[in-house]
Amino acid sequence: MANPSLLILAGDGIGPEVMAEVKKIIGWLGDKRGLVFDVSEDLVGGAAYDAHGVPLTDETMAKAQAVDAVLLGAVGGPKYDTLDFAVKPERGLLRLRKEMDLYANLRPAQCFDALADFSSLKRDVVAGLDIMIVRELTSGVYFGEPRGIFTEGNERVGINTQRYTESQIARVARSAFELAKRRGNKVTSVEKANVMESGILWREVVQKIRDEDYPEIALNHMYADNCAMQLVRTPKQFDVILTDNLFGDILSDCAAMLTGSLGMLPSASLGAPMANGRPKAMYEPVHGSAPDIAGQGKANPIATILSFAMALRYSFDQGDEATRIEAAIEKVLADGIRTADLMGPDGGVPVTTSGMGDHIVAALDASL
Ligand code: NAD
């Protein structure tokens with residue numbers, strides 16, 4: 001059988017630096033676990049613009065469509081700020097998301113014990129937290145028509161339209177239920193059915209899919225404003241939160257920050273199942289290209305390593321290896337190993353980007 005295939009698009013700024021540490025882990029899995037990937041690499045963002053005059057070539061797009069998963073670093077930087085909108089680095093990322101039709105955005109909020117004091121909430125509220133937010137990514141109010149700024153009588157009016165079809169709701173709901181099966185079997189569906197018709201439809205469709213196809217999953221419904229409150233009050237009540245594009249945008253940032261540094265946050269964007277049954281998928285850290293620290297060995301590679309761990313779990317059926325990597329990270333953090341962004345008042349052992357990768361590989365070795 002062919003090896004699983006992975007396209008690495010490291011991008012700009014700290015992208016290549018953090019990706020170098022992921023490559024160490026990929027190498028380790030091949031050497032020590034016999035898990036070999038067919039890895040290809042290509043350019044995206046400013047790096048692709050410099051080489052080809054576009055932020056993503058058709059050839060790279062075709063490669064992304066053909067592999068089992070894409071792993072992306074970050075794009076952008078001050079050098080490209082004055083470029084035309086059509087060739088800005090971010091357009092490469094948007095093209096990937098659009099053409100792969102990645103409609104389910106997964107944002108975990110997981111609190112490593114050693115970093116619980118980084119949260120603005122009390123330790124006992126966040127320690128051990130493990131939530132997954134599934135945000136619908138390609139529809140809703142950011143895309144609905146009509147939209148624009150129009151003139152009505154003597155004044156202007158700004159209009160955006162919240163619009164969801166049953167099938168758009170159904171496919172992201174299925175992504176959330178499938179995820180819940182691999183986690184705690186619990187989904188909280190979030191909308192504003194009290195004041196929005198799109199919310200009423202959302203609730204009906206999600207409930208119907210659960211009743212027909214996922215009876216083993218516990219489903220509850222919550223209004224978005226209440227969910228925001230609950231997230232900062234008792235976040236551990238949640239397992240999978242399923243929500244639309246707008247509410248998901250806000251709630252996922254809120255939940256992510258429960259856990260501390262931007263350098264720790266992974267994400268995945270999933271689309272429809274491919275012929276092999278795996279979803280189309282792109283994995284990437286939440287952070288950007290961090291031009292302020294690029295090239296200095298200061299970037300924290302953990303967000304990108306955790307994104308790769310998500311790929312192992314959701315694209316490659318290697319949940320045990322994903323758990324092994326997460327445990328290695330937990331161990332390294334518990335030992336006080338810290339990149340600059342994780343340095344707290346209690347100090348720690350300062351390491352570079354590469355040093356953090358080496359420590360994680362050593363912890364993986366120790367796990368055998
Ligand atoms: P950013 O996420 O790049 O950086 C914000 C702050 O967090 C910076 O101080 C940075 O040093 C720090 N930081 C980020 N990642 C870190 C890491 N792994 N380790 C340690 N510190 C880290 O956001 P920004 O500064 O607003 O944007 C910089 C560039 O990145 C812009 O061109 C922006 O358009 C782009 N961007 C890209 C993506 C993406 O590729 N998905 C996302 C956001 C921003």
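We number each residue from 1, following the sequence as shown. All of these numbers come straight from a predicted model, not from anything done at the bench. In each ligand, atom 1 is the first atom listed, and ligand 1 is the first ligand listed.
Side chains of Leu262 and Leu265 form a contact here, defined as non-hydrogen atoms less than 4.5 Å apart. Residues Leu9 and Leu96 are in side-chain contact: their nearest non-hydrogen atoms beyond the backbone lie under 4.5 Å apart. Contact check for Lys208 versus Glu166: no side-chain heavy atoms found under the 4.5 Å cut-off.
For ligand 1, the atoms sitting less than 4.0 Å from at least one non-hydrogen atom of Ala290 are 3 (O), 10 (C), 11 (O), 14 (C), numbered in the order shown with element in parentheses. Each of the following atoms of ligand 1 lies closer than 4.0 Å to a heavy atom of Gly263: 17 (C), 18 (N). Those atoms of ligand 1 that come under 4.0 Å of a heavy atom in Gly77, given as number and element, are 32 (O). Taking every non-hydrogen atom of Glu284 and a distance limit under 4.0 Å, the qualifying atoms of ligand 1 come out as 41 (N). Atoms of ligand 1 found under 4.0 Å from any heavy atom of Gly76 (numbered from 1 in listed order, with element): 32 (O). Within ligand 1, the atoms closer than 4.0 Å to a non-hydrogen atom of Ala74 are 40 (O), numbered from 1 in the order shown.
Of the polar atoms of Lys298, none of the N or O atoms is found under 3.5 Å from an N or O of ligand 1, judged by distance alone. For ligand 1, none of its N or O atoms has an N or O atom of Val18 under 3.5 Å away. Some N or O of Gly288 is nearer than 3.5 Å to an N or O of ligand 1, by distance alone. For the pair Asp292 and ligand 1, the shortest N or O to N or O distance falls below 3.5 Å. An N or O contact shorter than 3.5 Å is missing between Pro291 and ligand 1 by distance.
Using bins of under 30°, 30° to 60° and over 60° for the plane-to-plane angle, the ring pair Tyr214/Phe177 lands in the parallel bin.
A heavy-atom separation below 4.0 Å is found between Leu93 and ligand 1. At least one heavy atom of Ala299 sits closer than 4.0 Å to an atom of ligand 1.
Of the charged side-chain nitrogens involved, none lies within less than 4.0 Å of a carboxylate oxygen, so that Arg163 and Glu145 do not count as a salt-bridged pair.
Within the 4.0 Å heavy-atom criterion, neither part of Asp81 lies near ligand 1. Under 4.0 Å from ligand 1, heavy atoms of Val75 appear from its side chain as well as its backbone.
Looking only at atom types and distance, the side chain of Ser307 has no donor-acceptor partner in the side chain of Thr304 under 3.5 Å away.
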